[in-house]
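Accompanying notes for the structure given below.
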Protein chains: 2
Amino acid sequence: MARPRAFDPEDALLKIKETFWRLGYEGTSLQDIEAATELKKQSLYRLFGDKRKMYLAALEHYEAHEVRTALKALEREGPARVRFRALFDEIVEGAIASGDRRGCFLCNACTDQAQLDDETRKFVRKQLEAALQAFEEALSAEKAYAGNETLRKEQAAGLMAAYFGLRVLIKGDMPESVLRGAADAAIASISAN
Amino acid sequence: MARPRAFDPEDALLKIKETFWRLGYEGTSLQDIEAATELKKQSLYRLFGDKRKMYLAALEHYEAHEVRTALKALEREGPARVRFRALFDEIVEGAIASGDRRGCFLCNACTDQAQLDDETRKFVRKQLEAALQAFEEALSAEKAYAGNETLRKEQAAGLMAAYFGLRVLIKGDMPESVLRGAADAAIASISAN
DNA sequence: AATGTTACGGACCGGTCAGTAAATAACAGC
DNA sequence: GCTGTTATTTACTGACCGGTCCGTAACATT
C-alpha cells in the first residue's frame with residue numbers, strides 16, 4: 001500500500017556487520033556504513049533507529065550466523081577432541097589461508113563495548129553463556145566429563161578462554177606456528193577416554 | 001634556560017594510559033585526555049606529537065609496568081603450575097575483588113588497533129612474542145617440557161591464549177565461577193612432573 | 001485520477017573531532 | 001634589565017561526527 005523498499009535489509013545488515021566487525025563501534029562512522037551498504041543515512045536510520053541499534057543488530061546477525069554455525073559443528077558425533085579440533089582448526093585455517101584477521105566479532109565486542117554500553121554487555125554476556133553451555137554439552141559425550149559436572153564446567157570455561165585467546169592472538173598478528181600451537185594445546189587439554 | 005615544565009610527564013602518561021585502556025583508541029577523545037591529565041591540548045601535543053603517539057607511548061608505559069611486573073612473577077622458583085597459578089589468580093582476583101574489568105591493555109590493543117594501524121601491530125606483535133618467550137622459559141623448569149622444545153612452545157602458546165581468553169571473559173562480564181573455571185583449566189593443562 | 005502511506009535523497013543541524021597559530025608568561029644567561 | 005628559549009593558554013581551523021528535516025518519488029487503495 002506504499003512505496004516498496006528498493007534494497008534488501010538483510011543484505012544491508014550483513015554489510016553493516018562486516019563494517020563494525022572490521023572497524024569496531026567507535027571506529028565506524030555513518031559514512032563508512034553508507035559506503036558499505038550503498039545506502040543513504042536516512043534509509044539506515046529509518047530501518048534501525050540509530051547507530052547503537054545498528055551495532056546491536058549486527059551483533060545479533062553475527063550470533064544468528066557465524067556463532068550458530070560454529071556451535072552446530074560441536075554437535076556432531078564423535079569424541080570431544082574431534083569436535084573441538086574442527087572448531088579450532090577452522091579458525092586457524094581461516095586466519096592463515098585467507099588472511100582473515102578480523103577475529104571474532106563477539107570477542108571484539110567484549111573488549112570494545114561490553115564495559116561501556118549496558119545493552120551490549122547484556123547481549124554479550126547472554127551469548128557467552130549460551131556458547132559455554134554448548135561447549136559443556138559437547139564435552140558430555142566424553143566419559144571423563146559425563147559424570148563430573150564441576151570438571152565439565154571448568155573444562156568448558158577453559159576451552160572458551162582458549163578459543164577467545166586464539167582469536168586475540170590472530171588479531172595480534174601472531175605467526176602460524178603460534179596459532180597452531182595454541183590450538184593444539186587446547187585440544188590436548190581435553191581428556192580422551 | 002627556559003620556562004620549566006609545570007607538570008610531570010610521567011604522571012601525564014600514566015593518566016593517558018588509563019584513559020586509552022578504559023575507552024580504547026577511537027573511543028578516547030583529546031578532551032577525555034585533557035580532563036584526565038588536567039593539561040591543555042597544546043601541552044600534550046608538544047610532548048607527544050599527536051594522538052597516535054600518545055597511544056603508542058601509553059602502550060609502552062603499560063609494557064614497562066604492568067606487563068613487566070606480571071612476567072617477573074613467572075621468574076620465581078618453583079613448579080610451573082605454581083608460577084602460572086600466581087599469574088592467573090591475580091587476574092581473577094582483581095576482576096572479582098576490585099571489580100576491575102578493564103582487561104589487559106595489550107590484549108585490548110590487539111582487538112582494537114592492531115589490524116588497523118601498522119605501528120600498533122608491530123609493537124603488539126613484538127610484545128606478544130616477548131611474553132611468549134617468558135612463558136616458555138617459565139615452563140623450562142618442568143621436566144616434561146625441558147627436553148621437548150616443540151611441546152614447550154605449544155604449551156606456552158596455549159597458556160598465552162588461555163590468559164588472553166580469560167581477559168576477554170572478564171570484559172565480557174562472565175561470573176566468578178566461569179573465570180575461576182577457565183583459570184583452573186589452564187593450570188591443569190600444565191604437566192607436573 | 002485522487003489520496004494516503006512509505007521510501008528516498010540531499011541539504012542541513014549543532015556539536016565535536018584532531019590539530020595549529022599566536023599571544024602571553026616564566027625562566028636562564030649575559 | 002635585556003634577550004633568547006621554552007611553557008602555557010586561548011582562540012581558532014576545517015573536517016567530520018551522529019542525527020534530523022523536508023521536499024519529492026513511488027507505490028496501493030479507492
Side-chain angles (χ1 to χ4, degrees), chain A residues 1-61 108-109 112-113 116-120 123, chain B residues 1-60 109 112-113 116-120 123:
Chain A
M1 181 186 177
R3 178 171 178 176
R5 190 180 280 121
F7 63 91
D8 178 8
E10 170 72 11
D11 183 61
L13 184 49
L14 193 120
K15 301 286 177 56
I16 293 174
K17 177 184 69 178
E18 286 173 348
T19 309
F20 277 127
W21 192 351
R22 188 165 48 91
L23 302 176
Y25 180 76
E26 296 286 1
T28 300
S29 74
L30 260 293
Q31 281 198 41
D32 293 327
I33 297 179
E34 282 186 296
T37 57
E38 294 183 299
L39 293 173
K40 299 291 179 179
K41 237 191 275 199
Q42 187 66 9
S43 299
L44 296 162
Y45 273 95
R46 192 164 355 89
L47 193 56
F48 295 104
D50 61 11
K51 187 186 178 185
R52 190 106 250 162
K53 293 202 183 88
M54 291 180 212
Y55 184 70
L56 289 167
L59 271 178
E60 276 169 37
H61 192 276
N108 295 358
D112 180 11
Q113 288 295 308
L116 300 172
D117 176 67
D118 266 355
E119 279 197 85
T120 306
F123 181 83
Chain B
M1 183 188 179
R3 178 173 177 173
R5 188 181 281 122
F7 63 91
D8 178 8
E10 170 73 11
D11 182 62
L13 183 50
L14 193 120
K15 301 286 177 56
I16 293 174
K17 178 184 68 178
E18 286 172 349
T19 309
F20 278 126
W21 192 350
R22 187 165 48 90
L23 302 176
Y25 181 76
E26 296 286 1
T28 299
S29 73
L30 259 294
Q31 281 199 44
D32 293 327
I33 298 179
E34 282 186 295
T37 58
E38 295 183 298
L39 293 173
K40 302 290 180 182
K41 239 193 274 201
Q42 191 66 11
S43 298
L44 296 162
Y45 273 98
R46 189 161 10 81
L47 192 56
F48 295 104
D50 61 11
K51 187 186 177 184
R52 191 106 249 163
K53 293 203 182 86
M54 292 180 212
Y55 185 72
L56 289 168
L59 272 178
E60 275 170 37
D112 180 11
Q113 288 295 308
L116 300 172
D117 175 67
D118 267 354
E119 279 197 86
T120 305
F123 180 82

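Heavy-atom basis, side chains included; hydrogens, waters and symmetry copies ignored.
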Does [X] reach the side chain of [Y], with side-chain heavy atoms less than 4.5 Å apart?
X        : Y        : value
B:Glu18  : B:Arg22  : no
A:Tyr45  : A:Lys41  : yes
A:Asp112 : B:Asp112 : no

Counting side-chain heavy atoms from CB outward, which of [options] is closest to [X]?
X       : options               : value
A:Phe7  : D:dT9, D:dT8, C:dC8   : C:dC8
B:Lys40 : D:dT20, C:dC8, D:dT9  : D:dT9
A:Gln31 : D:dC17, C:dC8, C:dG19 : D:dC17
B:Lys51 : C:dA18, D:dT20, D:dT8 : C:dA18
B:Arg46 : C:dA18, D:dA7, D:dC27 : D:dA7
A:Tyr45 : C:dG19, D:dA7, D:dG18 : D:dG18

DNA chain D nearest-nucleotide lookup for A:Gln42 and A:Leu30: closer to the 5′ end is A:Leu30
Rounded distance (Å) that lies between atom [atom2] of [N] and atom [atom1] of [X]:
X       : N      : atom1 : atom2 : answer
B:Arg5  : C:dA28 : CZ    : P     : 15 Å
B:Ile33 : C:dG19 : CD1   : C1'   : 13 Å
B:Met54 : C:dA18 : CE    : C1'   : 9 Å
B:Leu44 : D:dT9  : CG    : C1'   : 13 Å
A:Glu34 : C:dG10 : CD    : C1'   : 10 Å
A:Glu38 : C:dA7  : CD    : P     : 20 Å
B:Leu39 : D:dT8  : CG    : C1'   : 10 Å
A:Asp50 : D:dC17 : CG    : P     : 16 Å

C:dT16 phosphate, OP1 or OP2: any side-chain N/O from B:Ser29 under 4.0 angstrom? no
D:dT8 phosphate, OP1 or OP2, under 4.0 Å from B:Ser43 side-chain N/O: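 For B:Ser43, the contact criterion (side-chain N or O under 4.0 Å from OP1 or OP2 of D:dT8) is met.
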Would you find a donor on one side and an acceptor on the other, under 3.5 Å apart, between the side chain of A:Lys51 and the backbone of A:Thr28? yes
Name the orientation class of the two ring planes belonging to A:Phe20 and A:Tyr25 (parallel below 30°, tilted from 30 to 60°, perpendicular beyond 60°).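 Plane angle under 30°, so parallel.
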With sugar-phosphate meaning primed atoms plus P, OP1 and OP2, does B:Phe48 contact a base, only sugar-phosphate, or nothing at under 4.0 Å between heavy atoms?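 No contact.
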